[in-house]
Amino acid sequence: VDQDLGFGGAAVRKQITVYFSPDDNGPRVDVLAYLPKDANAPVPILLNLSFSPNNLVVSDPGVKVGRRWDTNTRTMVPATPMRQGPNRLGMDETIKKYLKEGFGFATLCYTDIDPDFNHGATLGVRGLYLKEGAQEPLPDEWGSISAWAWGVSNVIDYFEVDPDIDAGRVALTGCSRLGKTTMWAGARETRIAVVMPSCSGEGGAALSRRNFGETVAHLTEPTRYPYQFAANYGKFAQDVTQMPMDAHMLVALIAPRPLLLQTGTTDNWSDPKGEFLAAVEAGKVYRLLGKDDLGTVTMPSADSPIYNTLGYVMHEGGHGVMPQDWDYYLAFMKKYL
């Protein structure tokens, strides 16, 4: 752990490296955390699963250069800014808003944990657990989404030994495939107190049996994302009615903890209605456990958040996290943390 002041002295900045094996050159994840400077007790924290290495998330010059995968050489290289587009995500002001409200904000780049490309199982944390001589997991073994979620659990292990962080009040968010990861991590890891997936869609919170937008067949098509799931998932590509489960059961596994599903009105590929319908069905389990369900069977209009224990909010627009979504997450965290 490297600790200093960040944002020109406005926050405590911690840079944590979590190693997944005794080998310092083995898989590891770099976590960047900002904490309120004047906190007098352990603080609740939002852990953000990011597509960008930490140094490209903020403009804080004290953040060390992260790593990204070079898919041609299948090696990790320094994460220098790309030539096209903005160098950073502009998260400085968002993070400062969370700090002002008494929350910590942590971020990590998911590909530190396991690479996001086909036939990469030997290169990340899954490579530590392959059968001897194997290059790929067995059909019933984990894909990358499970590996990324497992990495989150290891980061929470660190939170539990950091006296400045309240590990009993951890919220998790991520978008798209990282929304799926947020859902699976929330289902598997009960130490996550608040779960807030963004646009998780098929393989996340959207019902597969709707056959709307992205489907199991799309996800598991050999040139797309079969490596993100157990290979057995692909058996249902041509007939999802044969699946012994659907997304409402994944949503229900997070009960009774607070869950906010965030979607977009025009994100038809991820199917915001399919996520809402899954939540309606999962509401039975929330009620069984004495918690609030959505309180409605009618989809809300854009930017009309439902902040019940089982919550839902849909921004006006498409796939991704919009600026107002960070405000929805903050409001949900203030209510439940």
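On a predicted model such as this, the values are computed, not experimentally measured, just so you know.
The backbone N or O of Asn211 sits nowhere less than 3.5 Å from a side-chain atom of Thr215 that would complete a donor-acceptor pair. A distance-only check finds a donor-acceptor pair linking the side chain of Glu275 to the backbone of Ser200 [under 3.5 Å]. Although no hydrogens or angles enter the test, the distance criterion places a donor-acceptor pair under 3.5 Å between the side chain of Thr181 and the main chain of Arg177. Between the Thr266 side chain and the Gly317 main chain, a donor and an acceptor come within less than 3.5 Å of each other. With hydrogens and angles disregarded, a donor-acceptor distance shorter than 3.5 Å links the side chain of Asp70 to the backbone of Thr73. Under a 3.5 Å cut-off, the side chain of Asp114 and the backbone N or O of Trp148 do not form any donor-acceptor pair. A donor-acceptor pair is defined here as one N or O able to donate and one able to accept, closer than 3.5 Å; no such pair exists between the side chain of His119 and the backbone of Thr122. A distance-only check finds a donor-acceptor pair linking the side chain of Ser50 to the backbone of Ser52 [under 3.5 Å]. Between the side chain of Asp246 and the backbone N or O of Arg209, at least one donor-acceptor pair lies under 3.5 Å. For Arg13 (side chain) and Asp4 (main-chain N/O), no donor-acceptor pair under 3.5 Å exists by modelled atom type.
Residues Val58 and Phe7 are in side-chain contact: their nearest non-hydrogen atoms beyond the backbone lie under 4.5 Å apart. At least one side-chain heavy atom of Leu46 sits less than 4.5 Å from a side-chain heavy atom of Met196. Using a 4.5 Å cut-off on side-chain heavy atoms (C-beta onward), Asp116 and Gln228 make contact. Put simply, the side chain of Trp142 does not reach to within 4.5 Å of the side chain of Phe229, judged on heavy atoms. Side-chain contact between Phe276 and Leu294: present, with at least one pair of heavy atoms (C-beta onward) separated by less than 4.5 Å. Here the side chains of Ser176 and His319 are in contact, with some heavy-atom distance below 4.5 Å. Here the side chains of Met183 and Leu253 are not in contact, with every heavy-atom distance at 4.5 Å or above. Residues Glu281 and Met249 fail the side-chain proximity criterion, which asks for heavy atoms closer than 4.5 Å.
Of the charged side-chain nitrogens involved, none lies within less than 4.0 Å of a carboxylate oxygen, so that Asp292 and Arg287 do not count as a salt-bridged pair. Salt bridge Asp293/Lys284: absent, no basic N to carboxylate O contact under 4.0 Å. A salt bridge is absent between Lys180 and Glu202: the closest approach of a Lys/Arg side-chain nitrogen to an acidic carboxylate oxygen does not fall below 4.0 angstrom. Under a 4.0 Å N-O distance rule, the pair Asp30/Lys64 qualifies as a salt bridge.
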- prompt: side-chain contact (heavy atoms from CB on, under 4.5 Å) between Val195 and Leu260: does it pass, once the steps are laid out?
  reply: CA-CA 6 Å; Val195 183; Leu260 179 66; over 6 Å; no

Decide side-chain contact (heavy atoms from CB on, under 4.5 Å) for Tyr233 and Leu219; before the verdict, give the C-alpha distance in whole Å, the side-chain angles of both, and the deciding distance to 0.1 Å.
CA-CA 10 Å; Tyr233 187 45; Leu219 283 175; 4.0 Å; yes

request  = Apply side-chain contact (heavy atoms from CB on, under 4.5 Å) to Asn268 and Lys273, showing your working.
outcome  = CA-CA 9 Å; Asn268 291 327; Lys273 184 175 181 179; over 6 Å; no

Exercise. Please step through side chain to side chain donor-acceptor pair (under 3.5 Å) for the pair Tyr328 and Asp303, ending with a clear verdict.
Key: CA-CA 9 Å; Tyr328 297 139; Asp303 299 309; 2.7 Å; yes

Dump the intermediate steps for side-chain contact (heavy atoms from CB on, under 4.5 Å) on Val194 and Arg257, then the final yes or no. CA-CA 6 Å; Val194 167; Arg257 287 166 291 140; over 6 Å; no

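For Phe332 and Tyr336, the gap between ring centers is short of 6.0 Å.
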Using residues 97-104 as the side-chain source, report each donor-acceptor pair under 3.5 Å to any protein atom, sequence neighbours left out, with the distance given to one decimal.
| from | atom 1 | to | atom 2 | distance (Å) |
| --- | --- | --- | --- | --- |
| Lys97 | NZ | Asp327 | OD1 | 2.9 |
| Tyr98 | OH | Trp326 | O | 2.7 |
| Tyr98 | OH | Leu330 | N | 3.3 |
| Glu101 | OE1 | Lys334 | NZ | 3.3 |

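Between the CG atom in Leu310 and the CG atom in Leu259 there is a gap of 5.5 Å [rounded to 0.5 Å]. Note: Asp60 CG to Gln15 CD = 7.5 Å, rounded to the nearest 0.5 Å. Here the OG1 atom belonging to Thr182 is positioned 11.0 Å from the CG atom belonging to Leu261, to the nearest 0.5 angstrom. Annotation: the span from Arg28 atom CZ to Ile16 atom CD1 amounts to 14.5 Å, rounded to 0.5 Å. Distance check, rounded to the nearest 0.5 Å: CD1 of Ile156 to CG of Leu172 gives 7.0 Å. A distance of 7.5 Å separates CZ of Arg126 from CG of Leu130, quoted to the nearest 0.5 Å.
Take Asp166 and apply the salt bridge (Lys or Arg N to Asp or Glu O under 4.0 Å) test, not counting sequence neighbours, and it matches Arg169. In this structure Lys235 satisfies the salt bridge (Lys or Arg N to Asp or Glu O under 4.0 Å) test with no other residue, sequence neighbours excluded. Glu189 pairs by the salt bridge (Lys or Arg N to Asp or Glu O under 4.0 Å) definition with Arg191, not counting sequence neighbours. Remark: Asp271 pairs with Arg210 by the salt bridge (Lys or Arg N to Asp or Glu O under 4.0 Å) rule, at least two apart or across chains.
Annotation: cation-pi geometry not satisfied between Lys14 and Tyr34 (NZ/CZ under 6.0 angstrom from ring centroid, within 45° of ring axis).
For the residue pair Asp162 / Tyr158, a side-chain donor-acceptor distance below 3.5 Å is found, with atom types taken as modelled. For Glu136 and Tyr227, the side-chain atoms include no donor-acceptor pair closer than 3.5 Å. Between Tyr225 and Asn118, the side chains place no donor N or O within less than 3.5 Å of an acceptor N or O (distance only, hydrogens not considered). In the model, Gln262 has a side-chain atom that pairs as donor or acceptor with a side-chain atom of Ser198 under 3.5 Å. Thr263 and Tyr312 are linked by a side-chain donor-acceptor pair at a separation below 3.5 angstrom, with hydrogens and angles left out of the test. Side-chain polar atoms of Asp239 and Thr241 form a donor-acceptor pair below 3.5 angstrom. Side chain to side chain, Glu316 and Thr265 meet the donor-acceptor criterion of an N or O pair below 3.5 Å.
Paired with Leu47 under the rule side-chain contact (heavy atoms from CB on, under 4.5 Å), one option of Val152, Ile192, Thr173 passes, and it is Val152. Test Val18, Asn48, Ile113 against Leu108 for side-chain contact (heavy atoms from CB on, under 4.5 Å) and you get one pass: Ile113.
Ring geometry for Trp269 against His218 counts as tilted: the plane angle lies between 30° and 60°, on a 0 to 90° scale. A tilted orientation is assigned to the rings of Phe20 and Trp150, their planes being inclined by 30° to 60°.
Through chains of ILVMFWY side-chain contacts below 4.5 Å, Leu123 is grouped with Trp69, Met76, Phe117.
When the shell of 6.0 Å around NZ of Lys96 is examined, it contains more than 12 heavy atoms from other residues, nucleotides or ligands.
Placement of Val77 and Val63 in two distinct hydrophobic clusters is found when ILVMFWY residues are connected by side-chain heavy-atom separations under 4.5 Å, directly or transitively.
Between Pro163 and Pro42, the closest heavy-atom pair is O-CG, 3.3 Å.
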